[in-house]
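Just so we're on the same page: letters track the sequence lines, and every chain starts at 1.
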Protein chains: 2
Amino acid sequence: MEALDPLLHQPLRTQLAAFLAGAGEASFTELKRNLQVSDGNLESHLKKLIAADYVSLRRIEGPGRAQTSYSLTPTGLDALQRYIKALQKLLPLGDRDAAEGTWNGQATAG
Amino acid sequence: MEALDPLLHQPLRTQLAAFLAGAGEASFTELKRNLQVSDGNLESHLKKLIAADYVSLRRIEGPGRAQTSYSLTPTGLDALQRYIKALQKLLPLGDRDAAEGTWNGQATAG
DNA sequence: GGATTTACTCTGTAATTCAGAGTTTATTAC
DNA sequence: GTAATAAACTCTGAATTACAGAGTAAATCC
């Protein structure tokens with residue numbers, strides 16, 4: 001059985017990675033709004049992803065206060081992609097062939 | 001953004017639930033072997049799933065020492081199914097339509 | 001120029017995760 | 001029959017993680 005990247009397999013961090021993958025990049029505040037998370041919690045998870053080089057930051061000096069833009073690194077995107085493959089192997093997720101076995105009567109149709 | 005059931009969205013518990021869904025039921029030892037996990041760790045996660053009524057146990061009195069057989073409850077299967085739907089919404093997982101947006105060039109093809 | 005807001009960062013607490021030691025019941029060797 | 005081994009868990013405690021709210025610094029509003 002394949003292990004699920006523990007860095008990505010955590011509620012907030014999965015959402016963070018998915019959001020960044022979809023959005024390309026986002027500011028602290030955008031992330032906070034979209035993920036509905038407290039400041040401290042957001043920054044601690046962001047920090048962890050940055051430490052793993054899954055996320056990079058870019059300082060944006062605009063008019064007004066400087067902001068940081070966060071985005072997935074190639075490493076992060078790759079990890080996310082491999083994480084998704086692992087999920088597909090583990091669970092029946094539409095991409096049926098990938099799942100090692102499909103469940104009883106129920107499959108994925110609900 | 002939809003939250004991911006924190007009970008299921010944890011590496012060992014996701015695997016546990018997926019395995020039980022696939023196998024129907026399994027003994028402590030089977031689970032231990034398949035998930036490659038320590039006794040203590042397995043029992044603590046199992047306990048958590050049982051407390052949530054995601055997993056039920058059944059005592060099996062055979063020849064030799066009695067064993068416990070673990071399986072998903074209807075509640076657990078339902079939760080797993082909803083968890084999978086949430087994942088599908090969040091990530092591009094083969095079932096493409098469900099994902100809120102598909103990523104840049106990369107999509108799911110590797 | 002004082003009050004507010006924005007954009008984070010720090011700190012401490014609570015909860016979670018985990019390994020290994022402990023317990024109980026059965027089986028095998030003698 | 002009993003000592004040693006094994007199976008099937010359960011308990012304990014330490015390490016890590018997750019989280020909220022308080023703190024800080026810079027900009028904007030009045």
> Taking any atom under 4.0 angstrom from a heavy atom of chain B, which nucleotides of DNA chain D are the first and last to qualify, 5' to 3'?
Replying inline: D:dA7 to D:dC11

> side chain to side chain contact (heavy atoms under 4.5 Å, CB included) with B:A66: which residues, sequence neighbours excluded?
Replying inline: B:R59, B:E61

>> Reading DNA chain D from 5' onward, which residue's closest nucleotide shows up sooner: B:A66 or A:V37?
In response: B:A66

>> Closer than 3.5 angstrom, by distance alone: can the side chain of B:R13 be matched with the main-chain N or O of B:L8 as a donor-acceptor pair?
In response: no

>> Strictly distance-based, threshold 3.5 Å: is any side-chain N or O of A:E30 a donor or acceptor partner for the main-chain N or O of A:S27?
In response: yes

Considering residues at least two apart in sequence or located in another chain, which fulfil the salt bridge (charged side-chain N to carboxylate O under 4.0 Å, His left out) criterion with [X]?
X: B:E25; result: B:R58
X: A:D53; result: none
X: B:D78; result: B:R82
X: A:K48; result: none

> If you measure from CD1 on B:I60 to OG1 on B:T68, what distance do you get to the nearest 0.5 Å?
Replying inline: 8.0 Å

> Distance from A:I84 atom CD1 to A:K89 atom NZ, nearest 0.5 Å?
Replying inline: 14.5 Å

> For DNA chain D, which residues in residues 25-33 of chain A have a heavy atom at a distance below 4.0 Å?
Replying inline: none

>> Quick check on contacts: within residues 42-58 of chain B, what sits under 4.0 Å from DNA chain D by heavy-atom distance?
In response: B:E43, B:K47

>> I need the full list of ring pair (Phe, Tyr, Trp, His ring centres under 6.0 Å) pairs touching residues 14-71 of chain B, with sequence neighbours left out, sorted by first then second residue.
In response: none

> Looking at residues 3-12 of chain A, who's got a heavy atom less than 4.0 Å off DNA chain C?
Replying inline: none

> What pair of heavy atoms forms the shortest contact from A:A86 to A:A3, and how long is it?
Replying inline: CB-O, 4.3 Å

>> Looking at every non-hydrogen atom in both residues, tell me the closest pair between B:A18 and A:L91 and how far apart they are.
In response: CB-CD2, 3.6 Å

>> So, applying side chain to side chain contact (heavy atoms under 4.5 Å, CB included) with B:L12, which one of B:L31, B:N41, B:L46, B:L42 is it?
In response: B:N41

> Can you name the one residue among B:N34, B:L35, B:L20 that meets side chain to side chain contact (heavy atoms under 4.5 Å, CB included) with B:Q15?
Replying inline: B:L35

> Which is true for A:G64 with a 4.0 Å heavy-atom rule: it touches a base, it touches only sugar-phosphate, or it touches nothing?
Replying inline: sugar-phosphate

>> Just to be sure I understand the rule, does B:R13 reach a base, reach only the sugar-phosphate, or reach nothing, if contact means heavy atoms closer than 4.0 Å?
In response: sugar-phosphate

> Contact boundaries of DNA chain C with chain B (under 4.0 Å, heavy atoms), 5' to 3'?
Replying inline: C:dT16 to C:dT27

> Which residues satisfy the ring-ring contact (aromatic ring centres under 6.0 Å, His included) test with B:Y83, sequence neighbours excluded?
Replying inline: B:H9

